[in-house]
Peer 1: 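Pasting in a structure now, in structure tokens, and then I'll have a few things to ask.
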Number of protein chains: 2
Amino acid sequence: MDILFDKLIQKYSANQQLSKQTIAEIYTHLSILSFDKKHLLIRENQRHDYAYFIIKGAVRSYYLKDGIEVSTWFAFENDMVGSLHNFRDLPSRETFELTENTSFISINLKSLKSLIYSNVGISNFISAIIEEYAVFLEDKIFYSQLMNSLERYEALLENEPQVLQRIPLTYIASYLGISRETLSRLRSK
Amino acid sequence: MDILFDKLIQKYSANQQLSKQTIAEIYTHLSILSFDKKHLLIRENQRHDYAYFIIKGAVRSYYLKDGIEVSTWFAFENDMVGSLHNFRDLPSRETFELTENTSFISINLKSLKSLIYSNVGISNFISAIIEEYAVFLEDKIFYSQLMNSLERYEALLENEPQVLQRIPLTYIASYLGISRETLSRLRSK
DNA sequence: ATGATTTTGTGACATTTATCAAATGAAATC
DNA sequence: GATTTCATTTGATAAATGTCACAAAATCAT
């Protein structure tokens, strides 16, 4: 269990040496759990006190637009999933659904967040998670403006090959912002 | 000067009470400066140690795509401008150009960043800035997927009327991801 | 295994938007 | 104030993608 937790701690404390006490403190807000494929981890329009770090499995996030699911991302092993809105104590804008049976480290946001004013290590730990997310969002915007659909598909193939292997094309098309038919036609080139 | 600095401090320490010492510490990394319209505050592909808080004026950010400027945002009074890449000690992906004569508070990122491991107030101060930026980016993606061009234009008109008053339509079209001609036609409805 | 469900692919046509060209309008410069 | 530069609008055409309909293929559940 400590080995699993360490992977998470390491990832978001690369720039600092956390004290043994702080690590122990963070541990008390973590636990391990798993759900089956199709389980809804976080639901659109609901408050939720946890974020999750994927040990094994896959998660898709989406929101509804005119009753249609619009996929926003796919997360796998060693990725963090959670809603920034939830972190800010607001209802999530997205639903997070498991596309495989998945096991997680759950992170109690509310209780961990209450410590960021007194523990500088925890403050920087949380900050690193948010910074990583900001970089992810910035890249997403940058590449979506810079590239056309074919280039975006090819970049996904290049940078995130497991998405192509583990996620249905219907969801990928939706993520790329094109129709299933258009993606199918792009692929047959 | 303290009044100007306070506006910045207040904005990003809403959730915590900073000590007098911490505020004084932050002050030593701030100064005031101004440049004329068309000045390039931060340049694409360059490292830069400062972020800026706009006291009076307007800034446009853009990057080059096949030699064409693609506008990414417009900032005004009490907005923060800066490059997350620069904060991470990488070359900026965007250029920041003044569209009006503008005065700023400059923030020395490198020296302030060196304190986030020892001063929890400063860590949370910086974290609040990044969190605000992540929310901004998430909204940008969300609304760009949810709405069509006309709706995005109308939302901009509704939520950021000063953009329409202070920024040329050419730049706005580019920001909305459509051609000048298309924006012109949307407007004539 | 087999029937049901889900996922993927293809054709015909409609819609949106880009692109190119040119005219008009507004602002900056001398 | 005349001239140059930049910004906006309008028209014609082309390209990209969406939508609808349906078929084929793959996957799932019993």
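Per chain, numbering begins at 1; letters A, B, ... match sequence-line order.
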Peer 1: Between B/Thr182 and C/dA18, does any side-chain N or O lie under 4.0 Å from OP1 or OP2?
Peer 2: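 For B/Thr182, the contact criterion (side-chain N or O under 4.0 Å from OP1 or OP2 of C/dA18) is met.
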
Peer 1: Which of the following nucleotides, C/dT17, D/dT10, D/dG18, is nearest to the side chain of B/Ser149?
Peer 2: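 From the listed options, C/dT17 comes nearest.
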
Peer 1: More than 12 heavy atoms of other residues, nucleotides or ligands under 6.0 Å from NZ of A/Lys7: is that the case?
Peer 2: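 Open: at most 12 neighbouring heavy atoms sit under 6.0 Å from NZ of A/Lys7.
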
Peer 1: On DNA chain C, compare the nucleotides closest to B/Lys38 and B/Leu186; which residue's is nearer the 5' end?
Peer 2: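 Whichever sits nearer the 5' end wins; that is B/Leu186.
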
Peer 1: Measure the distance from CG on A/Leu150 to P on D/dA15 and round it to the nearest whole Å.
Peer 2: 17 Å

Peer 1: Taking atom C1' of C/dA18 as reference, at what distance in whole Å does atom NZ of B/Lys65 sit?
Peer 2: 11 Å

Peer 1: Counting side-chain heavy atoms from CB outward, which of C/dA28, C/dT8, D/dA7 is closest to B/Lys37?
Peer 2: C/dA28

Peer 1: Nearest whole Å is fine: how far is C/dA18 P from B/Asn148 CG?
Peer 2: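 These atoms are roughly 12 Å apart.
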
Peer 1: Starting at CG of A/Leu176 and ending at P of D/dT17, how long is that distance when rounded to a whole Å?
Peer 2: 11 Å

Peer 1: Give the C-alpha distance, both sets of side-chain angles, the deciding distance and a yes or no for salt bridge (Lys or Arg N to Asp or Glu O under 4.0 Å) between B/Lys38 and B/Glu97.
Peer 2: CA-CA 6 Å; B/Lys38 296 205 175 172; B/Glu97 181 202 58; over 6 Å; no

Peer 1: Do you see a donor-acceptor pair shorter than 3.5 Å between the side chains of B/Asp6 and B/Tyr27?
Peer 2: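 A donor-acceptor contact under 3.5 Å links the two side chains.
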
Peer 1: Examine the base of C/dG11 for any acceptor or donor lying under 3.5 Å from a partner atom in the side chain of A/Arg185, and report the outcome as yes or no.
Peer 2: yes

Peer 1: Rounded to the nearest Å, what distance is computed from the CD atom of residue B/Glu181 to the C1' atom of nucleotide D/dA14?
Peer 2: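 Going from CD in B/Glu181 over to C1' in D/dA14 covers 14 Å.
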
Peer 1: If I take atom CD in residue A/Glu97 and atom P in nucleotide C/dT6, what distance separates them, rounded to the nearest angstrom?
Peer 2: 12 Å

Peer 1: Walk me through it: do B/Tyr153 and B/Asn148 pass the test side chain to side chain donor-acceptor pair (under 3.5 Å)?
Peer 2: CA-CA 9 Å; B/Tyr153 171 72; B/Asn148 63 30; over 6 Å; no

Peer 1: Counting any heavy atom closer than 4.0 Å, what does B/Thr170 reach on the DNA or RNA strands: base, sugar-phosphate only, or nothing?
Peer 2: sugar-phosphate

Peer 1: Using heavy-atom distances to pick each residue's nearest nucleotide on DNA chain C, tell me which of B/Arg180 and A/Ser188 is more 5'.
Peer 2: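 Result: A/Ser188.
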
Peer 1: Is A/Leu183 touching bases, backbone alone, or none of the nucleic acid, heavy atoms closer than 4.0 Å?
Peer 2: nothing

Peer 1: When the distance from CD1 of B/Ile167 to C1' of D/dT8 is rounded to whole Å, what number comes out?
Peer 2: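 The distance from CD1 of B/Ile167 to C1' of D/dT8 comes to 16 Å, rounded to the nearest Å.
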
Peer 1: Given C/dT7, D/dA7, D/dT10, identify the nucleotide with an atom nearest to the side chain of B/Tyr171.
Peer 2: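 Comparing C/dT7, D/dA7, D/dT10 against the side chain of B/Tyr171, the answer is D/dA7.
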
Peer 1: Hey, does the Lys NZ or Arg CZ of B/Arg93 hover above the aromatic six-ring of A/Phe142, less than 6.0 Å from the centre and inside 45° of the axis?
Peer 2: yes

Peer 1: Expressed as a whole number of angstroms, how long is the span from A/Arg166:CZ to D/dA26:C1'?
Peer 2: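 A/Arg166 atom CZ is separated from D/dA26 atom C1' by 20 Å.
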
